[in-house]
Peer 1: 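After the structure tokens below, expect a handful of questions from me.
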Protein chains: 2
Amino acid sequence: MLKKVLIIEDDPVLRASIEQALELADLEPIPTNGFTQARRSIRSNFRGVILSDIKMPDHNGFDVLNFTQARDPNLPVVLLTGHSDVSTAMRAVRFGAYEYLEKPCDPQRLADVMRRALEHRTLVLENRAMLEEFDEDHFVAEGGSLTERLEAHEKKIIEQALVSTNGKVAKAAEQLGIPRNTLYDRMTKLRVVPKAFKR
Amino acid sequence: MLKKVLIIEDDPVLRASIEQALELADLEPIPTNGFTQARRSIRSNFRGVILSDIKMPDHNGFDVLNFTQARDPNLPVVLLTGHSDVSTAMRAVRFGAYEYLEKPCDPQRLADVMRRALEHRTLVLENRAMLEEFDEDHFVAEGGSLTERLEAHEKKIIEQALVSTNGKVAKAAEQLGIPRNTLYDRMTKLRVVPKAFKR
DNA sequence: TGAATTTTTCCGAAATCTCGGACAAACTTG
DNA sequence: CAAGTTTGTCCGAGATTTCGGAAAAATTCA
């Protein structure tokens with residue numbers, strides 16, 4: 001489970017209190033005083049979520065939201081809002097913000113919401129990681145005739161074995177449970193050259 | 001993206017208004033009047049989320065929460081609460097509820113929250129599906145002799161083709177670029193029965 | 001039901017694969 | 001360097017696979 005919360009808040013006092021609340025909830029606050037300072041951390045592989053004040057001197061919450069969505073639409077942004085512009089915050093939610101919190105806000109509530117956002121982020125990243133690994137495996141598995149696909153797979157297995165024995169054909173054969181000569185036969189057919197695997 | 005929202009709410013008026021709000025937001029409400037009626041829908045493979053009133057004549061929100069968590073800890077439960085017992089609701093959140101909503105609640109806000117819960121549920125189910133397929137693949141991919149591994153892979157390819165032609169061997173053979181008879185031979189050796197793939 | 005199509009099984013010959021044996025070349029190692 | 005080991009290549013017999021033809025069995029459809 002992820003724990004990082006990138007805090008974007010210009011008021012040092014509020015920032016400190018948020019930080020404390022999150023630490024108390026066993027999360028990992030990363031305090032910044034504004035968008036400019038936070039920007040570089042906001043990337044599609046950021047392993048955490050964002051908590052930003054909605055109203056700040058130089059930038060506002062929508063700037064953060066826009067920027068974040070451009071970098072990664074699945075990076076949750078939670079907005080902190082004064083009681084006055086709750087409606088703005090709700091618009092932001094419809095615009096893609098993960099959630100909003102009214103400003104004098106219960107530390108427990110803050111932690112609950114951030115934890116939920118972190119759960120979401122965790123799931124998204126896990127999903128992506130699996131998808132990547134997945135495609136990698138399956139790129140051989142599609143298209144072509146049965147024999148072609150089978151041979152492609154066989155080639156991969158053999159190459160893998162050769163890598164693990166750093167090019168020793170005899171060892172690889174043993175590992176694969178076939179006679180040495182048979183492996184040579186297969187390698188000839190599949191055009192696998194053992195030299196390529198020696199280090 | 002999932003859309004089903006299982007509504008557990010005894011008050012017919014409120015229930016109807018919730019239903020309408022969700023429909024308006026392009027979600028799919030499934031109304032029930034209480035826990036008893038809802039129980040059978042609550043399973044670990046439920047493709048949706050739960051929205052329950054926290055205070056009902058026969059059961060309360062905690063019953064729903066407990067039951068749901070037992071069936072699937074990652075099935076979001078959102079609780080509807082009167083203004084009076086917000087503190088109860090917050091306790092429920094710490095206890096695993098996904099979120100709570102104060103009862104005279106903005107339809108837009110309701111939709112936003114439910115949509116987020118549905119996103120969460122979608123991610124969880126996707127994750128699970130991938131995990132299953134994943135270690136199924138990696139299960140065969142390791143250990144065993146070259147021939148065993150190859151045959152396992154061949155079996156998978158053939159089965160996959162049969163699924164996509166819903167058990168028609170001739171079609172599958174064509175798809176795989178081999179003669180019908182050859183496919184029969186392979187199927188015999190690999191003990192693949194085409195009947196199992198007909199629907 | 002009965003004809004037409006499709007699925008499935010059985011056969012056998014040609015093609016391919018398996019695998020042990022043999023051996024020269026290359027490579028370790030004392 | 002010389003003896004011992006490993007590698008890469010070639011051979012050939014026996015086993016297995018491929019694949020067309022044929023026909024029985026099951027299914028579809030009019």
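Numbered from 1 within each chain, the chains take letters A, B, ... in sequence-line order. Quick caveat, the model's predicted, so the values are computed rather than measured.
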Peer 1: Tell me whether the side-chain N or O atoms of R180(A) pair up with the base of dG8(D) as donor and acceptor below 3.5 Å, since no angle test is needed here.
Peer 2: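 Indeed there is one.
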Peer 1: Expressed as a whole number of angstroms, how long is the span from E154(A):CD to dT16(C):P?
Peer 2: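 One finds 16 Å between P of dT16(C) and CD of E154(A), rounded.
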Peer 1: Testing the 3.5 Å rule here: is there a donor-acceptor pair between the side chains of S52(A) and E9(A)?
Peer 2: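 Their side chains do not contain a donor-acceptor pair, so the 3.5 Å distance test is not met.
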Peer 1: Could you tell me how far apart N181(B) (CG) and dC11(C) (C1') are, to the nearest whole angstrom?
Peer 2: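 Interatomic distance, CG of N181(B) to C1' of dC11(C): 10 Å.
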Peer 1: Could you check how far CG of L150(A) sits from C1' of dT16(C), rounded to whole Å?
Peer 2: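 From L150(A) CG to dT16(C) C1': 15 Å.
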Peer 1: Separation of E148(A) atom CD from dT18(D) atom P, in whole Å?
Peer 2: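 In whole Å, dT18(D) P and E148(A) CD are 15 Å from each other.
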Peer 1: Of all the choices, dT8(C), dT7(D), dT7(C), which nucleotide is nearest to the side chain of A170(B) once you look at every atom?
Peer 2: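 So the side chain of A170(B) is nearest to dT7(C).
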Peer 1: Only one of R149(A), R186(A), K189(A) clears side chain to side chain donor-acceptor pair (under 3.5 Å) with E154(A); which?
Peer 2: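 Of the listed options, the one satisfying the test is R186(A).
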Peer 1: In terms of ring plane angle, is the pair F67(A) and F35(A) parallel, tilted or perpendicular, where the classes change at 30° and 60°?
Peer 2: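 Perpendicular: the ring planes of F67(A) and F35(A) meet at over 60°.
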Peer 1: Keeping to residues at least two apart or across chains, list the salt bridge (charged side-chain N to carboxylate O under 4.0 Å, His left out) pairs with something in residues 50-73 of chain B.
Peer 2: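 Residue pairs with at least one partner in residues 50-73 of chain B: D53(B)-K103(B), D72(B)-R121(B), D72(B)-R128(B).
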Peer 1: Tell me the interatomic distance from K168(A), atom NZ, to dA26(C), atom P, rounded to whole angstroms.
Peer 2: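 That distance rounds to 16 Å.
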Peer 1: Report the nucleotide, chosen from dT18(D), dG8(D), dG20(C), that has the shortest atom-to-atom distance to any side-chain atom of P194(A).
Peer 2: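 It is dG8(D).
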Peer 1: Can you tell me how far C1' of dC19(C) sits from CG of L176(A), to the nearest Å?
Peer 2: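 About 15 Å, once rounded to whole Å.
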Peer 1: Between the side chains of H120(A) and H120(B), is a donor N or O closer than 3.5 angstrom to an acceptor N or O?
Peer 2: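 H120(A) vs H120(B): no donor-acceptor pair found between side chains.
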Peer 1: Go nucleotide by nucleotide along DNA chain C from the 5' end; which of G177(A) and K171(B) gets its closest nucleotide reached first?
Peer 2: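 Taking each residue's closest nucleotide, the earlier one in sequence belongs to K171(B).
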Peer 1: Tell me the closest heavy-atom pair linking M90(A) and D112(B), and the distance in Å.
Peer 2: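 Shortest heavy-atom contact: O-OD2, 4.4 Å.
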Peer 1: Using a cut-off of strictly less than 4.0 Å between a heavy atom of the residue and any atom of DNA chain C, enumerate the qualifying residues of residues 183-193 of chain A by number.
Peer 2: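 Result for residues 183-193 of chain A: D185(A), R186(A), K189(A), sorted by number.
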